[in-house]
Amino acid sequence: MQARGPARDIPEPVVNDALVEVLFCCPLVRGLSREEVGEIAAASTVHTFPAQAEVFDEGERCNGLWVLTSGRIRLYHAAADGRQQVVRFQAPSNPLDLGAALDGRPHTASATTLEPSTLVFLPRSVLSTLGRKYPLTLRNVVDLLCLEVRQRDIATAIASLKDAKGRIGCVLLQLAHQFGVRQKKSVIIDYRLTRQDIADRAGVTIETSIRVISDLQRQGVIRTQNQILEILDIDSLSAASRCEECQFDCSVFQEFPPAAQ
DNA sequence: TCATTAACCGTCG
DNA sequence: CGACGGTTAATGA
């Protein structure tokens, strides 16, 4: 039995090869062997959540590190009036709220599943031995936190300096960096998002996100099909978002940090 | 539930 | 004044 892990779901003690494989892709354990990752997996627990389930809440005590292994998760701040600010949309293999897991202070944001998801939970006790046992992971932690700082820095700059159209354009380009799958002539954002999701990421109302996205569709810049967004004309979108006069390096939103040299 | 449209209205440059 | 974007309401899928 672990310390006080999640109480809302059913832990599964089974650690299978597929799980180790996903964990192996987690940038936190980059450089470790498959056997070493298997060892870490053995010390963690697996948890499944239905769609729209809360994994943790902002301000809640943090007992360890959650790593998404399958499904999708939305990390956000919630305001009393119902509005939400999405910090990040999560894809498998990535740790959630790493900072809180490391310093043991409360969670910095809330995490809710967008679809049925599986996560592994690494208790803080295990996390602290990880650095001692595998010094390589310390460097990975630094890289991950630095990347997060860069992403948040750019996000706040964009939020305060750009207008609604620019913010939505930047969000779409960020998502393309994070989840983009290159097609012959376009880029598909391989992550289902409602108009509300995009609005909550850009800091606008749903009507404004619809307004702007409809305009972009009419101009043939993007196309959407049941919550999947396809960017048909990156150059036009970059132009609409005024990328050429922008100092921000939105390539930091790529899913995995570049390997440290 | 999600997406869309339109009318209306306050703010600000 | 006019662009922008939030609010409200109505409607369709």
Side-chain angles (χ1 to χ4, degrees), chain A residues 8-9 48-55 57-58 68 70-92 109-118 152 154-176 178-181 183 186-248 250 253:
Chain A
R8 295 173 279 275
D9 59 319
T48 60
F49 292 84
Q52 309 302 322
E54 180 191 271
V55 179
D57 204 9
E58 177 169 4
L68 181 63
S70 79
R72 297 184 302 127
I73 281 183
R74 171 193 228 265
L75 251 194
Y76 62 97
H77 298 292
D81 62 6
R83 286 149 66 230
Q84 297 188 341
Q85 172 67 241
V86 170
V87 174
R88 172 180 174 80
F89 293 106
Q90 294 275 164
S110 303
T112 300
T113 58
L114 290 172
E115 61 185 57
S117 301
T118 309
R152 298 215 186 196
I154 288 178
T156 53
I158 286 170
S160 53
L161 296 177
K162 302 229 174 198
D163 60 10
K165 212 173 300 175
R167 294 205 296 275
I168 289 172
C170 286
V171 164
L172 298 183
L173 290 168
Q174 285 167 23
L175 290 168
Q178 197 179 355
F179 304 115
V181 177
Q183 310 291 295
S186 67
V187 175
I188 286 183
I189 294 172
D190 185 24
Y191 202 98
R192 280 182 56 213
L193 294 168
T194 65
R195 295 290 186 265
Q196 186 72 63
D197 287 328
I198 294 167
D200 290 349
R201 180 78 173 110
V204 300
T205 62
I206 184 174
E207 288 82 2
T208 297
S209 88
I210 287 171
R211 222 183 255 168
V212 173
I213 289 171
S214 295
D215 282 347
L216 290 171
Q217 291 200 81
R218 272 189 283 273
Q219 294 160 28
V221 175
I222 63 174
R223 177 165 57 183
T224 59
Q225 200 169 29
N226 59 43
Q227 303 183 333
I228 292 289
L229 230 135
E230 181 175 11
I231 301 175
L232 302 170
D233 187 346
I234 285 271
D235 293 336
S236 288
L237 187 57
S238 303
S241 312
R242 333 274 308 265
C243 283
E244 67 293 335
E245 64 192 60
C246 186
Q247 311 289 310
F248 310 138
C250 54
F253 289 96

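Below, chain A is the first sequence line, B the second, and so on; all start at residue 1. Atom set for the values below is all heavy atoms of this structure, side chains included, hydrogens, waters and symmetry mates excluded.
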Pairs touching residues 215-225 of chain A that satisfy salt bridge (charged side-chain N to carboxylate O under 4.0 Å, His left out), sequence neighbours left out: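 Sorted pair list: A:D215-A:R218, A:R223-A:E230.
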Which residues satisfy the side chain to side chain contact (heavy atoms under 4.5 Å, CB included) test with [X], sequence neighbours excluded?
X: A:Q85; answer: A:H77
X: A:A199; answer: A:Q196, A:V204, A:S209
X: A:D163; answer: A:K165

The criterion is side-chain hydrogen bond (donor to acceptor under 3.5 Å, both in side chains); which residues satisfy it with [X], sequence neighbours excluded?
X: A:N226; answer: none
X: A:S110; answer: A:D57
X: A:E115; answer: A:R72
X: A:E207; answer: none

Kindly write out the residues that satisfy salt bridge (Lys or Arg N to Asp or Glu O under 4.0 Å) with A:R74, not counting sequence neighbours, or none if the list is empty.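 A:R74 satisfies salt bridge (Lys or Arg N to Asp or Glu O under 4.0 Å) with A:D197, A:D200 only.
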Reading DNA chain B in the 5' to 3' direction, which nucleotide is the first one with an atom under 4.0 Å from a heavy atom of chain A, and which is the last?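 With heavy atoms of chain A under 4.0 Å away, the range is B:dC2 to B:dA7.
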Polar-atom pairs under 3.5 Å, protein N or O versus N or O of nucleotides 4-6 of chain C: list them with distances, or write none.
from  : atom 1 : to     : atom 2 : distance (Å)
C:dG5 : OP1    : A:A164 : N      : 2.6
C:dG5 : N7     : A:R211 : NH1    : 2.9
C:dG6 : OP2    : A:T205 : N      : 3.4
C:dG6 : OP2    : A:T205 : OG1    : 3.4
C:dG6 : OP2    : A:T208 : OG1    : 2.6
C:dG6 : O6     : A:R211 : NH2    : 2.7

When the nearest nucleotide of DNA chain B is assigned to A:R218 and to A:Q52 on a heavy-atom basis, which residue is associated with the more 5' position?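 The residue closer to the strand's 5' end, by nearest nucleotide, is A:Q52.
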Enumerate all atom pairs, one protein N or O and one N or O from nucleotides 8-13 of chain C, separated by less than 3.5 Å.
from  : atom 1 : to     : atom 2 : distance (Å)
C:dT8 : O4     : A:E207 : OE2    : 3.3

Give me the ring orientation class for A:Y191 and A:F179: parallel if the planes are under 30° apart, tilted from 30 to 60°, perpendicular past 60°.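 Parallel: the ring planes of A:Y191 and A:F179 meet at under 30°.
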